[in-house]
Protein chains: 2
Amino acid sequence: MSAVNCTPSVGRPRAFDIDTALEKALEVFWRKGYDGTSLSDLTEAMGINKPSLYAAFGNKEQLFLKAIEMYESRPCSFFLPALEKPTAYQVAEHMLHGAAMNMADTSHPQGCVVVQGALSCSEAAATVKEALINRRVEGEQKLCARFERAKQEGDLPASADAETLARYLGTVLQGMAVQANNGASSEQLRQVAEMTLLAFPRAG
Amino acid sequence: MSAVNCTPSVGRPRAFDIDTALEKALEVFWRKGYDGTSLSDLTEAMGINKPSLYAAFGNKEQLFLKAIEMYESRPCSFFLPALEKPTAYQVAEHMLHGAAMNMADTSHPQGCVVVQGALSCSEAAATVKEALINRRVEGEQKLCARFERAKQEGDLPASADAETLARYLGTVLQGMAVQANNGASSEQLRQVAEMTLLAFPRAG
DNA sequence: AGGGTTATTTACCGTTGAGTACAGATATCT
DNA sequence: AGATATCTGTACTCAACGGTAAATAACCCT
């Protein structure tokens with residue numbers, strides 16, 4: 001009955017590292033999307049066979065969801081750290097610059113797997129698509145809450161519309177993911193970040 | 001040898017309308033993406049059998065490319081008309097407002113098929129992905145050329161960076177497509193459009 | 001009316017999709 | 001050492017995939 005996933009002490013030990021395999025799976029999903037990724041793509045990249053994949057991760061869908069979880073809690077993730085900057089403007093600044101650096105980084109697939117993992121997809125991927133939409137919307141809600149706080153703290157004018165600011169920022173970040181797929185460089189994305197900040201209200 | 005596609009005068013006449021079928025195919029690709037769309041999805045939506053599809057459109061890939069062509073030349077397309085507005089600011093304004101209206105329009109799938117048709121995809125879709133990237137990049141090049149002209153005509157300051165302006169606008173438009181997939185309304189997208197315009201240089 | 005031409009229908013092709021049964025391998029526990 | 005539990009590899013299932021062969025149906029032209 002136990003659904004825990006920690007290494008059992010008895011039985012033959014797993015011959016691969018769960019997190020390393022998950023990283024590999026993430027990279028494939030990121031590059032090819034959920035529908036575009038086959039189990040053969042996954043097992044090849046992860047260096048394991050199908051029964052091992054199913055035993056360790058459940059199925060393709062659960063593997064994807066676990067990969068997304070890992071993606072969002074990575075050390076190179078820029079979203080949550082940026083939220084903790086002292087002012088709303090600095091939050092936006094760090095998030096945009098972080099995105100510009102990260103999304104065009106050639107040490108991994110371009111863009112953002114939460115945006116492009118299942119944007120348009122088959123019915124088989126409906127669950128995954130919903131999960132990604134939820135992540136994107138939650139991200140904007142966190143931004144919105146942060147900007148509401150900034151209004152109270154006085155580093156955003158009381159007249160500012162936190163929800164629209166959050167949606168504007170979210171839109172640019174998601175657009176940057178598409179830009180990175182177009183082949184845009186970090187420097188080009190940084191210029192977009194600067195323009196975006198021109199519309200952003202400063203302290204007052 | 002003739003590769004023309006106009007209705008021949010001899011032989012059994014086609015029992016379906018090419019353009020109507022193409023519209024249906026477009027809608028499926030738009031909603032499900034290239035990888036997420038199967039031939040059964042297509043034939044069902046188009047109301048024809050596979051051999052008819054192959055005879056009329058070649059194969060899945062060519063059908064997709066033809067659907068995209070139709071998409072861009074539709075009467076409801078907002079991109080090219082906006083380019084012809086008298087000033088750079090008005091170009092941006094009309095394009096952003098057009099996108100806000102169009103992408104959240106519930107009379108067709110949300111977003112933009114050029115953005116979401118094959119953002120991350122399998123190797124089988126590589127050609128299609130390239131074609132879509134080209135369309136997006138070409139769109140930005142048209143914007144860039146329009147803004148260069150605006151600088152010469154004096155409705156953009158000589159100091160303006162046409163390329164960055166075009167990329168900024170492209171980024172927001174592409175981000176709007178993702179937003180529409182998130183469920184954003186036209187009104188919410190219009191607010192994003194307004195914020196985007198705040199960063200846009202006016203006559204001077 | 002009949003030949004030539006093209007479209008439709010049905011039934012199929014080989015391949016790959018996701019997912020699994022089962023036997024053998026490798027560990028711990030007693 | 002032996003029992004037990006877990007993982008690995010091979011070989012398989014069955015359905016769906018993109019694409020096509022061949023027969024039949026519907027039209028034009030003479």
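Per chain, numbering begins at 1; letters A, B, ... match sequence-line order. The basis for the numbers below is simple: all heavy atoms, side chains too, and nothing from hydrogens, waters or symmetry mates.
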Set of residues satisfying side chain to side chain contact (heavy atoms under 4.5 Å, CB included) with respect to Ala100(B), sequence neighbours excluded = Leu189(B), Arg190(B)

Of all residues at least two apart in sequence or in a different chain, which pass the salt bridge (Lys or Arg N to Asp or Glu O under 4.0 Å) check with Glu153(B)?
-> Arg149(B)

Apply side chain to side chain contact (heavy atoms under 4.5 Å, CB included) to Ala177(A) and list each qualifying residue two or more places apart in sequence or on a separate chain.
-> Met103(A), Cys112(A), Val115(A), Gln116(A)

Would you list the pairs meeting side-chain hydrogen bond (donor to acceptor under 3.5 Å, both in side chains) in which at least one residue belongs to residues 55-64 of chain B, sequence neighbours left out?
-> none

Taking for Val10(A) and for Gly58(A) the nucleotide of DNA chain C with the nearest heavy atom, the one nearer the 5' end belongs to Gly58(A)

For DNA chain D, find the residues of residues 21-29 of chain B with a heavy-atom distance under 4.0 Å and give them by number; none if there aren't any.
-> none

Counted 5' to 3', the first and last nucleotides of DNA chain D within 4.0 Å (strictly under) of a heavy-atom of chain A are dA5(D) to dT10(D)

By ring-ring contact (aromatic ring centres under 6.0 Å, His included) - contacts of Phe200(A) (at least two apart) = Phe147(A)

Could I get the full list of ring-ring contact (aromatic ring centres under 6.0 Å, His included) partners for Tyr54(A), not counting sequence neighbours?
-> none

Write out all pairs satisfying side-chain hydrogen bond (donor to acceptor under 3.5 Å, both in side chains) with one or both partners inside residues 97-109 of chain A, taking only residues at least two apart or from two chains.
-> His97(A)-Glu194(A), Asp105(A)-Ser107(A)

Given protein heavy atoms under 4.0 Å, the one-letter contact record of nucleotides 7-18 of chain C, with B base, S sugar-phosphate only and - none, is simply BSBB------SB

Pairs meeting criterion side-chain hydrogen bond (donor to acceptor under 3.5 Å, both in side chains) with involvement of residues 159-174 of chain A, two or more places apart | Glu140(A)-Gln174(A), Asp161(A)-Thr164(A), Glu163(A)-Arg167(A), Thr164(A)-Gln191(B), Tyr168(A)-Tyr168(B), Gln174(A)-Gln179(B)

Rounded to the nearest 0.5 angstrom, the CG-OG1 distance for Leu53(B) and Thr43(B) is 7.0 Å

Side chain to side chain donor-acceptor pair (under 3.5 Å) with Thr127(A): which residues, sequence neighbours excluded?
-> none

